[in-house]
**Student:** 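Take this structure, written in structure tokens, and hold onto it; I'll ask about it next.
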Amino acid sequence: MRLRLFNTLTRSLEPFEPLEHGRAGVYACGPTIYDHAHVGNFRSFVFYDLVHRYLEWKGYDVRFVMNLTDVDDKTIRAAVAEGKTISEYTEPFAQAILEEADALGIRRADRYPRATAYVDEMIALVERLLEKGHAYRTDDGSVFFDITSFPEYGKLSRKNLDEARRGERVSEDEYGKDDVRDFALWKASKPEDREAGAAWPAPWGEGRPGWHLECSAMSLAEVGETLDIHLGGEDLVFPHHEDEIAQSEGATGKPFVRYWLHVRHLRFADEKMSKSRGNTVTVQDLLEQGVDPAALRHQLLSAHYRSELAFGREGLEGSGRAVQRLIDFRDRVEEVHTDPSAAISGIGGKAEEALERFEGALADDLNVPGGLGALFSFVSEGNGILDRKGDRVPPEEAERVLEVLGSMDEVLGLLEVAGQSRTVDAETRHWIEDRIGEREEARRSKDFSRADAIRDELAERGIVLEDSSRGTRWKHVGTRPLVG
RNA sequence: GGCGCCGUGGCCAAGUGGUAAGGCAGAGGACUGCAAAUCCUCGAUCCCCGGUUCGAAUCCGGGCGGCGCCUCCA
């Protein structure tokens, strides 16, 4: 099945054809690291990861780069307030974000370039734009992009800036540009910039790069002149990505991006958790509160990336249960009694059908909810078959089911993350098994109140017992249930 | 004001012309010492009104309601 993607540039679904067959160059707009990333940011990062995983799953040789913006107004202000340089200030946030990304099963990008490490490249890019007449210098040593020099300006966001803004006065605005619609490539230094170590020498004067410039420079340096896919949040369409196009295409004369993908923002379903209300919910907060990372990942994947996602406690609970259902099924198949002489049960065939549906959904503009539907339909069918067959199937069928589940999880990463967060060390394992032994004794002597007490004791630690004719098995159901 | 999006069972959420995937929650049943897990059964006039069509949640028009972007927020 051929992948089709919704390209923001054309506002339509297009078959994915990378510039070079079998290879995919992807650049994702990462966070500004002046604070902890919140769940909304991570909706994007998890989606980026999905793109990354999907392309690798389909066999592409993927070059995946996500930037970390470590210089901008907020960063400088915050660093100065704490008496730090921007790198001292931002680095802990960069580390935190990468750790949280690990916790959520986000595959590492090939590179995480910091803007401040690419100032030379950015200066070179500005020089090219000046040479080509796309940019101009102002008296204070700033450089602006001249929008009128790039007739296609507005093609991504479909804005007609002529009418919208022309009448406005060139304001008292910070750097004195010719036209309000122009955007900064280079901002002349201010005292606080120097204080924070955010000032670099350039041919036209000391200053710091404009926001948009870094992405053009870093994607050019790390991926190439033409990106196959550029990812970002919906808010970045304008002006950020519009400006990137102007800069990059203005400088190289080549198409900047073949497919633009934008992730819709999430909406907080219950509490007012949005950052703008000063009530940030960071991933760090959630993990510290005991939210299961696999549940979080599931919820962030539960809506199509171009739809608004309702994020909230209730959804997280539901996601946790859904993930557990998946784990239980996988474990059940792993423990199934394989019997070479057993008749074909049909579970292998159902797995095959599910994989096909899954692939079809993902190929259709990365429809993860559709893919999850295929997966969970199969879980139901599979459980039904195993019930009817008494958990006895031919080995090749059991293997095939596990292969299919594993294959889907290469894209979804749910079992993978659940595995990370549910590990139990050997000592605890022994303790659990001892307790189960005690409980077995109690049950044999019909001392059910004692047996139930032991079961409750384990449950408080997230260990759930399941009795069956073959004995008692236990499982770790992840982090503690949510409070409040 | 400009551009754009959305409104599917209690909640979340696929489906964009052929008569409604999936998850969570809920009810009943099977299994269990009781549970847990699992299975079976049950639940949707797809916001409203018109229109196009043999046929619409899906296309068109109107209405009501919610939301995003319009210079540094993923």
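First the proteins, then the strands, lettered A, B, ... as listed; each starts at 1.
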**Student:** Looking across every strand, which nucleic acid part, if any, lies under 4.0 Å from A:Asp467 by heavy atom: base, sugar-phosphate, or nothing?
**Tutor:**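 The residue A:Asp467 makes base contact.
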**Student:** Students often get this wrong, so: under 4.0 angstrom with heavy atoms, is A:Gly40 touching a base, only sugar-phosphate, or nothing?
**Tutor:**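 Here A:Gly40 touches the bases of the nucleic acid.
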**Student:** Using purine N1 to pyrimidine N3 plus N6-O4 or O6-N4 for Watson-Crick, or N1-O2 and O6-N3 for G-U wobble, each under 3.5 Å, what pairs with B:rC39?
**Tutor:**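 Pairing partner, where one exists within any strand: B:rG29.
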**Student:** Contact class for A:Glu308 (heavy atom, under 4.0 Å): base, sugar-phosphate, or nothing?
**Tutor:**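 Result for A:Glu308 = sugar-phosphate.
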**Student:** Determine the Euclidean distance between corresponding P atoms of B:rA14 and B:rC6; express it in Å to zero decimal places.
**Tutor:**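 That atom pair is separated by 11 Å.
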**Student:** All N/O contacts under 3.5 Å from nucleotides 3-7 of chain B to the protein, with atom names and distances to one decimal?
**Tutor:**
| unit_1 | atom_1 | unit_2 | atom_2 | d |
| --- | --- | --- | --- | --- |
| B:rC5 | O2' | A:Arg264 | NH1 | 3.3 |

**Student:** Would you classify A:Arg439 as touching base, sugar-phosphate or nothing, given that sugar-phosphate means primed atoms plus P, OP1 and OP2, and contacts are heavy atoms under 4.0 Å?
**Tutor:**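 Base contact.
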**Student:** Indicate, with a heavy-atom threshold strictly under 4.0 Å, whether A:Val263 touches base, sugar-phosphate, or nothing.
**Tutor:**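 The residue A:Val263 makes no contact with any strand.
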**Student:** Does a sphere of radius 6.0 Å around CZ in A:Arg321 hold more than 12 heavy atoms from other residues, nucleotides or ligands, not counting ones at 6.0 Å or beyond?
**Tutor:**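 No, CZ of A:Arg321 has 12 or fewer neighbouring heavy atoms, counting only those of other groups under 6.0 Å.
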**Student:** Please determine whether a side-chain nitrogen or oxygen atom of A:Asn41 lies at a distance below 4.0 Å from atom OP1 or OP2 of B:rC73.
**Tutor:**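 So the side chain of A:Asn41 is outside the cut-off, no N or O lying under 4.0 Å from OP1 or OP2 of B:rC73.
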**Student:** Taking ring-ring contact (aromatic ring centres under 6.0 Å, His included) as the criterion, tell me which of A:His212, A:His262, A:His230 meets it with A:His240.
**Tutor:**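 Only one of A:His212, A:His262, A:His230 forms a ring-ring contact (aromatic ring centres under 6.0 Å, His included) with A:His240, namely A:His212.
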**Student:** Within this structure, what is the CG-to-P distance between A:Asp387 and B:rC40, rounded to whole angstrom?
**Tutor:**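 Nearest whole value for this atom pair: 8 Å.
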**Student:** Describe the nucleic acid contact of A:Lys475 in one word from base, sugar-phosphate, nothing, applying a heavy-atom distance below 4.0 Å.
**Tutor:**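 A:Lys475: backbone/sugar contact only, no base atoms under 4.0 Å.
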**Student:** Ignoring hydrogens and angles, answer whether the base of B:rG33 and the side-chain atoms of A:Asp452 contain a donor-acceptor pair closer than 3.5 Å.
**Tutor:**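 Yes, a donor-acceptor pair under 3.5 Å.
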**Student:** Ring of A:Phe376, cation from A:Arg325 - is the NZ or CZ under 6.0 Å from the centre and inside 45° of the axis?
**Tutor:**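 No; the conditions do not both hold, so A:Arg325 does not lie above the ring face of A:Phe376.
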**Student:** Return the polar atom pairs (N/O with N/O) between nucleotides 20-26 of chain B and the protein under 3.5 Å, or none.
**Tutor:**
| unit_1 | atom_1 | unit_2 | atom_2 | d |
| --- | --- | --- | --- | --- |
| B:rA21 | O2' | A:Arg357 | NH2 | 3.2 |
| B:rA21 | N1 | A:Pro369 | O | 3.4 |
| B:rA25 | OP1 | A:Arg321 | NH1 | 3.0 |

**Student:** Hey, does A:Asp243 reach any base, or is it just sugar-phosphate, or nothing, if we go heavy atoms under 4.0 Å?
**Tutor:**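 The residue A:Asp243 makes no contact with any strand.
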**Student:** Check every strand shown and say whether A:Glu466 touches a base, only sugar-phosphate, or nothing at a heavy-atom separation below 4.0 Å.
**Tutor:**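 Base, at least one base atom sits under 4.0 Å.
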**Student:** Just compare B:rA74, B:rC12, B:rC34 and give me whichever is closest to any side-chain atom of A:Tyr48.
**Tutor:**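 Of B:rA74, B:rC12, B:rC34, B:rA74 is nearest to the side chain of A:Tyr48.
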**Student:** Verify the contact: side-chain N or O of A:Asn383 to OP1 or OP2 of B:rC39, cut-off strictly under 4.0 Å; return yes or no.
**Tutor:**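 Result: yes.
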**Student:** Centroid-to-centroid, A:Tyr153 to A:Phe150, below 6.0 Å?
**Tutor:**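 Ring centroids of A:Tyr153 and A:Phe150 are no less than 6.0 Å from each other.
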**Student:** Heavy atoms under 4.0 Å, any strand shown: does A:His212 hit a base, just sugar-phosphate, or nothing?
**Tutor:**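 Since no nucleic acid heavy atom lies under 4.0 Å of A:His212, the category is nothing.
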**Student:** Sort out for me which residue in A:Phe47, A:Tyr54, A:Phe45 forms a ring-ring contact (aromatic ring centres under 6.0 Å, His included) with A:Tyr305.
**Tutor:**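 Testing A:Tyr305 for a ring-ring contact (aromatic ring centres under 6.0 Å, His included) against A:Phe47, A:Tyr54, A:Phe45 leaves exactly one candidate, A:Phe47.
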**Student:** Is the distance between the ring centroids of A:Phe378 and A:Phe329 less than 6.0 Å?
**Tutor:**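 Between A:Phe329 and A:Phe378, which both carry aromatic rings, the centre distance is below 6.0 Å.
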**Student:** Is the phosphate of B:rA14, meaning OP1 or OP2, less than 4.0 Å from a side-chain N or O of A:Ser307?
**Tutor:**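 For B:rA14, OP1/OP2 do have a side-chain N/O of A:Ser307 under 4.0 Å.
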**Student:** So, under a plain 3.5 Å distance rule, would you say the side chain of A:Arg43 forms a donor-acceptor pair with the base of B:rA74?
**Tutor:**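 In this structure, the two groups form no donor-acceptor pair.
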**Student:** Using a heavy-atom cut-off of under 4.0 Å over every strand shown, decide if A:Leu266 touches base, sugar-phosphate, or nothing.
**Tutor:**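 Contact class for A:Leu266: base.
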**Student:** With distance as the sole criterion, do the side chain of A:Lys74 and the base of B:rC73 form a donor-acceptor contact below 3.5 Å?
**Tutor:**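 By the distance-only test, no, there is no pair.
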**Student:** If I pick the P atom on B:rG26 and the same atom on B:rG7, what distance separates them, to the nearest angstrom?
**Tutor:**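 Between the two P atoms, the distance is 27 Å.
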**Student:** Which is true for A:Leu236 with a 4.0 Å heavy-atom rule: it touches a base, it touches only sugar-phosphate, or it touches nothing?
**Tutor:**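 It contacts sugar-phosphate atoms only.
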**Student:** Need the pair for B:rG65. Rule: Watson-Crick or G-U wobble, both distances under 3.5 Å, any strand; none if unpaired.
**Tutor:**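 Here B:rG65 is engaged in a pair, and the nucleotide opposite it is B:rC6.
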